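Input: a single structure, listed below in structure tokens.
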Amino acid sequence: MRTRFAPSPSGPLHVGGARTALLCWAYAKAHGGSFILRIEDTDQKRSSDAACRALMQDLHWLGIEWDEGPEYDGCGGGEHGPYFASQRLDLYHRYIDILLEQGKAYRAFEGPEQLEAARATARAEKRVYRYDRAALKLDGATIQRYLDEGRPHVVRFKLPNDEPIVVRDEVRGEVTVDPKEMDDFVILKADGYPTYHLAVVIDDELMDVTHVIRGQEHLYNTPKHVLLQDALGFRRPVFAHLSLILNPDGSKMSKREKAKVARRAAKEYLKAKSVEERKAWIAELVSLDKKPKSLLTGIEAKHKHRFQDVDHNFSAREFQSFLEGDTDEPAIAHLIEDKLGIDLPEVDVQDFRLSGYLPEVLINYLALLGWSPGHDIEKFDRDFLVTHFDLDRVIKSNAKFDRAKLLAFNLDAIQAMSPNQFRELSYAHYREYHPEFVEKLSADQFDMLALSPEQFDMLAAANHSRSKTLDDTVKSSQFFIMSHDAIEYEETKGVRKALCNGDPSGYDHLAAIKPMLADLTAWTKDAIEHALNNYAQEHADGKLGKVAQPLRIAVSGTTVSPAIFETLAILGRDAVLNRIERCLSNRKLSSST
RNA sequence: GACCCCAUCGUCUAGUCAGGUCCAGGACAUCAGGUUUUCAUCCUGAAAACAGGGGUUCGAAUCCCCUUGGGGUCGCCA
């Protein structure tokens, strides 16, 4: 048995697509069959090589390996190629000719504008638009004349009769469709490319695909495919239509979700700004977008790893229309994300990869979102999927994507790692997606740090238990790599309480601890721990919190950091003393005002 | 709007096909306690659902019908 995933390479791989691919793969593997990747690049305008590569990268990252298809890092190959629809044009035309000859299809000369006008009229009259078969009534001489003139035209499939079409679907049972609900659909476009319907039917037949597993949005296409298969004398594969993945608000999961969040943040940010400031800000974003991605640094560097359809080069006007909600262009949303330092909801596989989710966790969660193994089992790996997956437990209803649950799964997986594993994965992640972080860690106060040394081990270890994603450390460790001057002390209740309350106050403790730390013979975690514990015992009723919190604030500016002993050890003595001093002088500043 | 699909805690689901063992089980989220040098973890506990209405049946979350709600499709996109 053979399954296939047949995406169009027109954008990043969406989690919905990833799940379809996953379940196709799992089904094939569970039944000892082959899984095929076929690129359905029949839309010349929207397809791109970059998108295709990105797609394969994402599938590969997820561990969904195709036995046949385009070759990529050990995947692909096979005897049924080519695996790009765009390279199979002659094949499609062969079948088009047959259909034409047998009168099962016909040429139609209406242009897109003409059809759109007819649709608009139908809409205005509250009618359902169906193609009126005008071209079918053309006589042979006219058709010949049009062809001689070189008029652009499409080929339409002629619906054979009025018999209801019954499609057997493995998850939904029998689905019956009245042909009156359909019309003579286009199978060959004016540019000579087939439509999806024709390509998919021919490719599935020629590639011996036995099981078609795809999203529910294709359910309504199935009768068309079945009709085509019958007309061409092809066998009918088994069909299974998966339910959809929805946003938390119930809408179909899409780029809209990102746009919504980015738009809200941008509006919030721009709210208090003057017209001039707004213009300047937008101009800056526009220029940022124009920069070649390879030159971006720092937080902008994330762009490099995020595949986007094209280099857009937005104008200020396009930006405006995004803000007004007229477009949901993800590239603009990401520009805002990077500029404002906000987090957009992940919807594409690459988003999750960049956010530091583990592929095996995403796979687990995605599988669970369309299938259930029963027996209250919900944590499982690839092998389990392959041994247990079957179509009979595929879920019929749509599911909302719950990022909180995914995060919880990711946390569990990270906590289950050995310290070594976590360190290695973290480092690989930083190097790939946060090179500036690694760079700074190895410079500045950490001049001793290169690749594996204790300092980094300590940082990883100190963050392991508090990480939900591989990215968490980067986010929460910024204070490590900041220059001392850049540390700003938060003006929050917690900070004030820890620093000012009590007698002695946090400031007093800091002042007392500073010389003690300066005199420490060895700057190690154990030595620091020993000294601070002793101090707390003698001067703070044994309450470590009394000294840990002021220290934490002094070195990080906030009340949150890894465990204090480790934090100080990683930071190094000079940095710690320097920052304590800064914090203390800040006291003088605030008390004088 | 037309056609089609779907319907158990806030969310994902088990249970539905073979009606009783289900005053409905698990997970995430939430809330309350506890552990902890902060955050995050971790531990304990609580609250939380068979969409509504009709049937069928001794008996229905499970079968049938209607209503309601949600989703999909209606492209020379896939």
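Since we're looking at a predicted model, the values are computed, not measured. Note that these values count all heavy atoms, side chains included, but never hydrogens, waters or copies made by symmetry. In the text below, chain A, chain B and the rest are named by the order of the sequence lines, each starting its count at 1.
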Under 4.0 angstrom, heavy atoms only, what part of the nucleic acid is A:E116 near: base, sugar-phosphate, or nothing? nothing
Could you measure between the two P atoms, the one in B:rA48 and the one in B:rA7, and give it in whole Å? 25 Å
May I ask you to say what A:Y365 touches in the nucleic acid, namely base, sugar-phosphate or nothing, with a heavy-atom cut-off under 4.0 Å? nothing
Taking only the side-chain nitrogens and oxygens of A:K224, find out if one of them lies under 4.0 Å from OP1 or OP2 of B:rA78. no
Which one, B:rA78, B:rC6, B:rA2, comes nearest to the side chain of A:K396? B:rC6
As a quick check of understanding, evaluate side-chain hydrogen bond (donor to acceptor under 3.5 Å, both in side chains) for A:Y220 and A:E181, giving each step before the final call. CA-CA 10 Å; A:Y220 229 59; A:E181 304 299 328; 5.0 Å; no
With respect to the side chain of A:T195, which nucleotide from B:rA78, B:rC39, B:rG75 is positioned closest? B:rA78
Counting only side-chain N and O atoms of A:K180, is one of them less than 4.0 Å from OP1 or OP2 of B:rC3? no
Just checking A:V186: base, sugar-phosphate only, or nothing, at a heavy-atom cut-off of under 4.0 Å? sugar-phosphate
Using only side-chain N and O atoms of A:S397, determine if any of them is under 4.0 Å from OP1 or OP2 of B:rA7. no
If I take atom CG in residue A:D376 and atom P in nucleotide B:rC22, what distance separates them, rounded to the nearest angstrom? 14 Å
Side-chain donor-acceptor pair under 3.5 Å between A:D41 and A:S86, yes or no? yes
Paired to B:rC42 by Watson-Crick or G-U wobble criteria (both distances under 3.5 Å) is B:rG34
With no angle test and no hydrogens, is the base of B:rA29 tied to the side chain of A:K405 by a donor-acceptor pair under 3.5 Å? no
Do the side chain of A:N221 and the base of B:rA78 come within less than 3.5 angstrom through a donor-acceptor pair of N or O atoms? yes
If you measure from the P atom in B:rG59 to the same atom in B:rU21, how many Å do you get, rounded? 15 Å
So, are A:R46 and A:D43 salt-bridged, with charged N and O less than 4.0 Å apart? yes
Could you tell me if A:R38 sits above the aromatic ring of A:Y83, with its cationic atom closer than 6.0 Å to the ring centre and no more than 45 degrees from the axis? no
Rounded to the nearest angstrom, tell me the gap between atom NZ in A:K543 and atom P in B:rU38. 13 Å
Side chain A:R466 and base B:rC39 donor-acceptor under 3.5 Å: yes
Ignoring backbone atoms, establish whether A:K126 has a side-chain N or O less than 4.0 Å from OP1 or OP2 of B:rG1. no
Which part of the nucleic acid, if any, lies within reach of A:G111 when heavy atoms closer than 4.0 Å are counted: base, sugar-phosphate only, or nothing? base
Whole-angstrom distance between B:rA29 and B:rG10, as gauged at atom C1': 8 Å
Please figure out whether A:V171 or A:L244 has its closest RNA chain B nucleotide nearer the 5' end. A:V171
A:L406 CG to B:rA29 P: how many Å, rounded? 12 Å
Round to a whole Å and report the spacing from CD1 of A:I564 to P of B:rU36. 18 Å
Among B:rC39, B:rC42, B:rG75, which nucleotide has an atom closest to any side-chain atom of A:L411? B:rC42
For B:rA78, does OP1 or OP2 lie under 4.0 Å from any side-chain N or O of A:T42? yes
Could you state the CD1-C1' distance from A:I377 to B:rG25, rounded to the nearest angstrom? 14 Å
Could you state the NZ-P distance from A:K400 to B:rC12, rounded to the nearest angstrom? 6 Å
Select from A:E566 and A:L115 the residue whose nearest nucleotide in RNA chain B is closer to the 5' end of that strand. A:E566
Using the P atom on both, measure B:rG20 against B:rC4 and round to a whole Å. 32 Å
Distance-only polar pair, side chains of A:Y106 and A:D184, donor-acceptor under 3.5 Å: yes
Should A:K252 be listed as having a side-chain N or O under 4.0 Å from OP1 or OP2 of B:rU73? yes
Should the ring pair A:Y535 and A:H539 be called parallel, tilted or perpendicular, given that the plane angle runs from 0 to 90° and is split at 30 and 60? tilted
Heavy-atom count check: over 12 atoms from other residues, nucleotides or ligands less than 6.0 Å from A:K260 NZ? yes
OP1 or OP2 of B:rG15 under 4.0 Å from side-chain N/O of A:R393: yes
Using the C1' atom on both, measure B:rU57 against B:rC63 and round to a whole Å. 10 Å
Watson-Crick or G-U wobble partner of B:rC74, both distances under 3.5 Å: B:rG1
OP1 or OP2 of B:rC77 under 4.0 Å from side-chain N/O of A:K189: yes
Say we look at B:rG19 and B:rA61: how far apart would their P atoms be, to the nearest angstrom? 14 Å
With both distances under 3.5 Å as the test, what is the Watson-Crick or G-U wobble partner of B:rC22? none
Nearest whole angstrom, please: distance from the C1' of B:rC3 to the CD of A:E217. 17 Å
Taking only the side-chain nitrogens and oxygens of A:R119, find out if one of them lies under 4.0 Å from OP1 or OP2 of B:rG75. yes
For the pair made of CD1 in A:I245 and P in B:rU13, what is the distance, rounded to whole Å? 10 Å
Under 3.5 Å, is there a donor-acceptor pair linking the side chains of A:H225 and A:H197? yes
Using atom P of each nucleotide, how far apart are B:rG53 and B:rC76 to the nearest Å? 46 Å
Is A:K255 paired with A:D328 through a side-chain N to carboxylate O contact shorter than 4.0 Å? no
By nearest atom, which of the nucleotides B:rG1, B:rC3, B:rG26 is closest to the A:Y220 side chain? B:rC3
Separation of the P atoms in B:rU62 and B:rC6, to the nearest angstrom: 16 Å
